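Working notes, beginning with the structure itself.
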Amino acid sequence: MEVKKRNIAILGSTGSIGTQALDVISRHPDRFAAYALVANNQVELLIQQARTFLPEVVVIANESRYEQLKEALSDLPIKVWCGSSAIEEVVQDAAIDMVLTAMVGFCGLKPTINAITAGKAIALANKETLVVAGELITSLALKHRTPILPVDSEHSAIFQCLNGEGNNRIDKILLTASGGPFRTYSKEALKTVSKAEALAHPNWNMGDKVTIDSSTMMNKGFEMIEAKWLFGVDPEQIEVLVHPQSIIHSMVQFEDGSVMAQLGQPDMRLPIQYAFSYPHRLESGIAPLDFVKLAQLTFEQPDMDRFPNLLYAYEAIRAGGNMPCILNAANEVAVSLFLEERIGFVQMSRLIEQAMQRVTFVKKPLLDDYLHTDQETREFVKSTYRNLQSINNVNK
């Protein structure tokens, strides 16, 4: 049976997920086409991608790079746009079948909303969208009958485990975590870890922000919140398990005690391709597991004393309202400060905790409330950091 080629818009085409998504598209050009490519700042790579995949349109968020991009592609029949409003517009193009939301952070929220209201299938890799506004996003998806297909390896695993299960009741979700590069570090040792050490993930090749989130276990906290909205479970039904080998990507336990697990190589092209091709499975070129060579699969409980960000995520989703939005915005600023080597590893968690205690709480937020909360939280964290620097300078 002939399958219609899917036109895909990739938001974040120059990032880790975006580049791997283009690898999937290049492997199956009869199935998928890169219809629109959107990047934030990496104009040289975007130019290269555009010349290779010949999309209908490219968008650069950083408007100062527009002229360079337009000039570089002037010999090709490609539309060249720029700015956040262009990103929000391009996802509504009638020719697009699916939008891969792989932009990092809060900036992915409004384009995702626009894509949903335009009836586009969503391949969701921007976890912050559901963390910040899970109730709003899921209600919009239901209203517009828009499928949300998870791209995170853990949520893809859960999605695959639930296929064919109908209304069988979930007892709990077992959300696996690698533990990151500091899984065995003491609380004292974490005070002096470097940016380079935090970026050296043992299993996964990811962008800087996601890799830092993995090292603090905030990534797993975000994924817990995502799972709550994607699969309609309570936070108490989501158990995080540290699984250092990253072979079991997550599991689902049903009320009869049976546990379904999805296993595979730690390669993001697998969940990306499954979201693109669902409900079909396609050849991936990725080596299957050799169970004879798997020495062991181990599991541990996460240590929320050493990694309190996971605890804060549970607290945020239980509080509800705009608290997950506060959590996300505080984390984005804290991670940026750490990547700029202005603060230490453990200070990230301290800034997040203070934001959750001090930023205005809204129990029933609307979209404007999320936008205001995001701005207020960012200003609070930056101000708190500046005050700490002033105190440190005085004490020198």
Side-chain angles (χ1 to χ4, degrees), residues 105-106 127-128 130-134 175 177 179-183 185-195 198 209-226 228 235-236 238 240 242 301-363 365 369-370 372-392 395:
F106 184 83
K127 55 177 56 65
E128 290 86 356
L130 281 182
V131 169
V132 167
L175 190 68
F182 305 134
R183 180 176 62 88
Y185 280 46
S186 68
K187 196 171 182 179
E188 190 66 26
L190 289 173
K191 295 178 181 178
T192 58
V193 298
S194 69
K195 167 185 168 180
K209 197 266 182 182
V210 178
T211 304
I212 298 302
D213 283 346
S214 178
S215 73
T216 66
M217 292 205 73
M218 181 60 88
N219 204 41
K220 209 51 51 179
F222 285 166
E223 288 171 9
M224 176 274 297
I225 296 173
E226 273 191 284
K228 178 247 188 303
E236 290 72 25
I238 306 169
V240 174
V242 176
Q301 284 190 326
D303 187 335
M304 296 193 200
D305 182 49
R306 285 185 297 138
F307 301 101
N309 285 1
L310 181 56
L311 175 65
Y312 299 154
Y314 273 101
E315 290 176 351
I317 194 60
R318 286 172 183 141
N322 69 333
M323 191 61 76
C325 183
I326 296 170
L327 175 83
N328 177 73
N331 180 68
E332 284 193 28
V333 178
V335 169
S336 292
L337 290 170
F338 177 72
L339 286 170
E340 293 165 5
E341 300 183 284
R342 297 186 188 185
I343 62 173
F345 185 84
V346 298
Q347 286 179 290
M348 288 188 281
S349 297
R350 291 173 186 163
L351 288 170
I352 293 163
E353 181 184 27
Q354 290 178 47
M356 291 176 67
Q357 293 170 349
R358 301 283 297 279
V359 174
T360 306
F361 177 68
V362 180
K363 184 62 181 175
D369 296 312
Y370 290 125
H372 177 77
T373 295
D374 181 75
Q375 183 178 6
E376 181 187 350
T377 305
R378 290 172 191 274
E379 284 304 315
F380 173 83
V381 175
K382 290 173 185 175
S383 174
T384 303
Y385 163 72
R386 287 193 294 266
N387 291 338
L388 287 173
Q389 288 301 103
S390 298
I391 293 170
N392 291 338
N395 292 335

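Because the structure is predicted, anything quoted here is derived from the model rather than measured.
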Check: Any side-chain donor paired with an acceptor under 3.5 Å for S349 and N309?
Finding: yes
Note to self: Would you say CZ of R378 has more than 12 non-hydrogen atoms from neighbouring residues, nucleotides or ligands within 6.0 angstrom?
What the structure shows: yes
Note to self: Is there a side-chain contact between V240 and M217 in this structure, where contact means two heavy atoms from C-beta onward sitting under 4.5 Å apart?
What the structure shows: yes
Notebook entry, point to check: Would you call E236-R318 a salt bridge at under 4.0 Å N-O?
Noted result: yes
Check: Got a donor-acceptor contact below 3.5 angstrom from the T384 side chain to the F380 backbone?
Finding: yes
Notebook entry, point to check: Would a distance-only check, ignoring hydrogens and angles, find a side-chain to backbone donor-acceptor pair under 3.5 Å from K363 to A319?
Noted result: yes
Check: Which pair of non-hydrogen atoms, one from K228 and one from I238, has the smallest distance, and what is that distance?
Finding: N-CD1, 3.8 Å
Item checked: Non-hydrogen atoms of L190 and F182 that approach each other most closely -> CD2-CB, 3.6 Å
Checklist line | Shortest non-hydrogen separation from P235 to I317 and the atoms involved | finding: CG-CG2, 3.6 Å
Margin query: Donor-acceptor pair, distance only, cut-off 3.5 Å: does the side chain of R306 make one with the backbone of R183?
Written below: yes
Checklist line | Exam field: side chain T373 to backbone D369, donor-acceptor pair closer than 3.5 Å | finding: yes
Item checked: Heavy-atom side-chain contact between P308 and E353 under 4.5 Å -> no
Notebook entry, point to check: Is it true that a side-chain atom of N322 and a backbone atom of V362 form a donor plus acceptor pair closer than 3.5 Å?
Noted result: yes
Check: For atom CD of Q375, is the number of surrounding heavy atoms from other residues, nucleotides or ligands below 6.0 Å larger than 12?
Finding: no
Notebook entry, point to check: Which pair of heavy atoms, one from F338 and one from I212, lies closest together, and at what distance?
Noted result: CE2-CD1, 3.7 Å
Checklist line | Nearest non-hydrogen partners of A198 and P181, listed with the distance | finding: O-CG, 3.8 Å
Checklist line | Whether E223 side chain and L175 backbone form a donor-acceptor pair below 3.5 Å | finding: no
Note to self: If you define the side chain from C-beta out and look only at heavy atoms, does anything of L327 sit under 4.5 Å from F222?
What the structure shows: yes
Check: Does a side-chain heavy-atom distance below 4.5 Å link M218 with M348?
Finding: no
Notebook entry, point to check: Do P324 and N328 come within less than 4.5 Å of each other through their side chains, counting heavy atoms only?
Noted result: no
Next item on the list: Heavy atoms only: give me the nearest K195-L339 pair and the separation to one decimal.
Entry: NZ-O, 3.0 Å
Notebook entry, point to check: Can you find a heavy atom in the side chain of L130 that is under 4.5 Å from one in the side chain of I225?
Noted result: no
Check: What's the spacing between I352 CD1 and T377 OG1 if we round to 0.5 Å?
Finding: 11.0 Å
Notebook entry, point to check: Can you tell if the side chain of E315 reaches within under 4.5 Å of the side chain of Y312, non-hydrogen atoms only?
Noted result: yes
Checklist line | Side-chain touch Y314/L310, heavy atoms, less than 4.5 angstrom | finding: yes
Margin query: Within this structure, what is the CG-CD distance for the pair N219 and E226, rounded to the nearest 0.5 Å?
Written below: 8.5 Å
Note to self: Apply side-chain contact (heavy atoms from CB on, under 4.5 Å) to residues S383 and N387 and explain how you reach the verdict.
What the structure shows: CA-CA 6 Å; S383 174; N387 291 338; 3.8 Å; yes
Check: Looking at CD of E332 and CG of D374, how far apart are the two atoms once the value is rounded to the nearest 0.5 Å?
Finding: 6.5 Å
Note to self: Within a 6.0 Å radius of atom CD on E188, are there more than 12 heavy atoms belonging to other residues, nucleotides or ligands?
What the structure shows: no
